[in-house]
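Taking it in order: structure first as structure tokens, then the write-up.
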Amino acid sequence: MSRRSAEERRRLIADHVVEQGTATGAALARLAGVSLMTVHRDLDDLERRGVLRRFRGGASALPSTVFESSLDYRLGVNTAQKDAVARAAAELVEPGMSVMLDDSTTVLAMAPLLLGLAPLTVVTNARRVVDVFTACEGIRLIALGGEYSRTHDSFLGLPCVEAVGALSVDLVAVSTSALDARMAYHQEQDVVLVKRAMLASAATKVMLMDHTKLARTALHRVGPVGDLDRLVVDDGVEAELLGRLREQTRVTVASVAR
């Protein structure tokens, strides 16, 4: 087995545990081609991130709503696809615009691409997006308050929703956890309320989605695909679904570097 980076190995272990529901440390060591001691360290790290639960001799999967919400988990998933989608979405932003960015990892990948577009007003509830722009001259930065979520590393809740509602921006860029041919979804109520408010605040509504989130649903509806002005996806989307999405809104397909 070829040598993997620690992050690639942990992703392999996490995906296996999630798929199987449970796995022993010995089985995971064989799967990853490393020592049992290394696997134990990997499991400790993954438990700390909230991806799985340790037990004596192995690990079990947490409910999908738990690990899919973890920012640390999401940052390591489908990075090439997210980068391609982020690049395509950034091309929609022009100097002088006001842009609202949510706390998704795909939009986080988009944020550094806007640094050269000053003057620009950036509004966000994501702490890491704030970090991108704090030292940038020519960027007016508005941080949305609310209750801090360590899971998302962002601010949510009613104060955030009210802060969004007081603003009107040229463009909003959001992502979410699931989307089918007609509707976007998310598994967390607090997140849905903020995303809905953000979409309602913008003249141009842009949603960024890598293909692994498509043809899926979650508990709460964020809103209809037809309400979006632009949907940006990567080139892994199946042709039939892509055609159905294009019946609802304008779709940009980003090519993934391979």
Side-chain angles (χ1 to χ4, degrees), residues 64-65 68-69 74 77-78 81-82 84-86 88-93 97-110 123-126 129 144 146 149 152 154 156-158 160-254:
S64 61
T65 54
E68 285 181 357
S69 297
R74 290 183 287 120
V77 176
N78 304 314
Q81 290 78 10
K82 291 176 181 178
V85 170
E91 293 179 2
L92 303 174
V93 180
M97 293 178 67
S98 55
V99 181
M100 188 175 289
L101 306 177
D102 78 353
D103 60 356
S104 64
T105 53
T106 310
V107 173
L108 177 58
M110 176 184 172
V123 182
T124 186
N125 68 324
V129 173
L144 299 166
S149 166
H152 298 276
S154 67
L156 302 169
L158 183 59
C160 184
V161 171
E162 292 179 343
V164 173
L167 300 172
S168 178
V169 297
D170 296 317
L171 181 147
V172 64
V174 303
S175 186
T176 191
S177 59
L179 183 143
D180 61 20
R182 293 187 176 276
M183 190 71 58
Y185 307 86
H186 199 279
Q187 64 271 15
E188 294 175 87
Q189 177 176 288
D190 284 349
V191 174
V192 168
L193 294 176
V194 171
K195 291 183 189 293
R196 285 179 181 171
M198 287 182 163
L199 289 165
S201 74
T204 300
K205 303 168 178 59
V206 182
M207 184 165 286
L208 288 61
M209 301 287 285
D210 73 75
H211 73 276
T212 64
K213 299 177 179 178
L214 304 187
R216 297 176 56 188
T217 63
L219 180 60
H220 301 287
R221 294 184 175 189
V222 175
V225 174
D227 286 353
L228 301 172
D229 296 292
R230 185 77 66 107
L231 175 64
V232 186
V233 299
D234 67 77
D235 56 10
V237 181
E238 294 183 0
E240 180 182 356
L241 177 57
L242 184 60
R244 295 176 66 191
L245 290 168
R246 281 180 165 150
E247 293 175 359
Q248 302 295 320
T249 191
R250 187 174 181 183
V251 180
T252 295
V253 179

Report the distance from atom [atom1] of [X] to atom [atom2] of [Y], rounding to the nearest 0.5 Å.
X	Y	atom1	atom2	result
L108	S175	CG	OG	11.5 Å
L167	S201	CG	OG	7.0 Å
T217	R182	OG1	CZ	15.0 Å
M100	M198	CE	CE	5.5 Å
Q248	R244	CD	CZ	8.5 Å
T124	L144	OG1	CG	6.5 Å

Is it true that a side-chain atom of [X] and a backbone atom of [Y] form a donor plus acceptor pair closer than 3.5 Å?
X	Y	answer
D229	K205	yes
S104	T176	no
S98	D170	yes
D234	H211	yes
T249	G226	no

Practice problem: State whether a side-chain donor-acceptor pair under 3.5 Å links T252 with R230. | Solution: yes

Quiz prompt | Pair K213-S177, side-chain donor/acceptor within less than 3.5 Å | solution = no

Any heavy-atom pair between the side chains of [Y] and [X] that's under 4.5 Å?
X	Y	result
V107	D103	no
L101	V123	no
V191	L193	no
V206	L231	no
L156	N125	yes
M110	V93	yes
H220	H186	no
L208	V174	no

Practice problem: Could you go through the side chain to side chain contact (heavy atoms under 4.5 Å, CB included) check for L199 and D227 one step at a time? | Solution: CA-CA 9 Å; L199 289 165; D227 286 353; over 6 Å; no

Quiz prompt | For K82, the option from D210, T106, T105 that meets side chain to side chain donor-acceptor pair (under 3.5 Å) | solution = T105

Exercise. Take D180 and Y185 through the side chain to side chain contact (heavy atoms under 4.5 Å, CB included) test and state the conclusion after the steps.
Key: CA-CA 8 Å; D180 61 20; Y185 307 86; 2.8 Å; yes

Self-check item: Closest contact, heavy atoms only, A218 versus A178
Solution: N-CB, 4.1 Å

Practice problem: Return the minimal non-hydrogen interatomic distance between V225 and M183, and the atom names on each side. | Solution: CG2-N, 3.5 Å

Quiz prompt | Heavy atoms from other residues, nucleotides or ligands near CZ of R246 exceed 12 (cutoff 6.0 Å) | solution = yes

Exercise. Check the pair L245, L241 against side chain to side chain contact (heavy atoms under 4.5 Å, CB included), reporting the backbone distance first and the verdict last.
Key: CA-CA 6 Å; L245 290 168; L241 177 57; 4.0 Å; yes

Exercise. Starting from the C-alpha separation in whole Å, work towards a yes-or-no answer on side chain to side chain contact (heavy atoms under 4.5 Å, CB included) for V253 and V237.
Key: CA-CA 9 Å; V253 179; V237 181; over 6 Å; no

Quiz item: Salt bridge or not for K195 and D102, using N-O below 4.0 Å?
Solution: yes

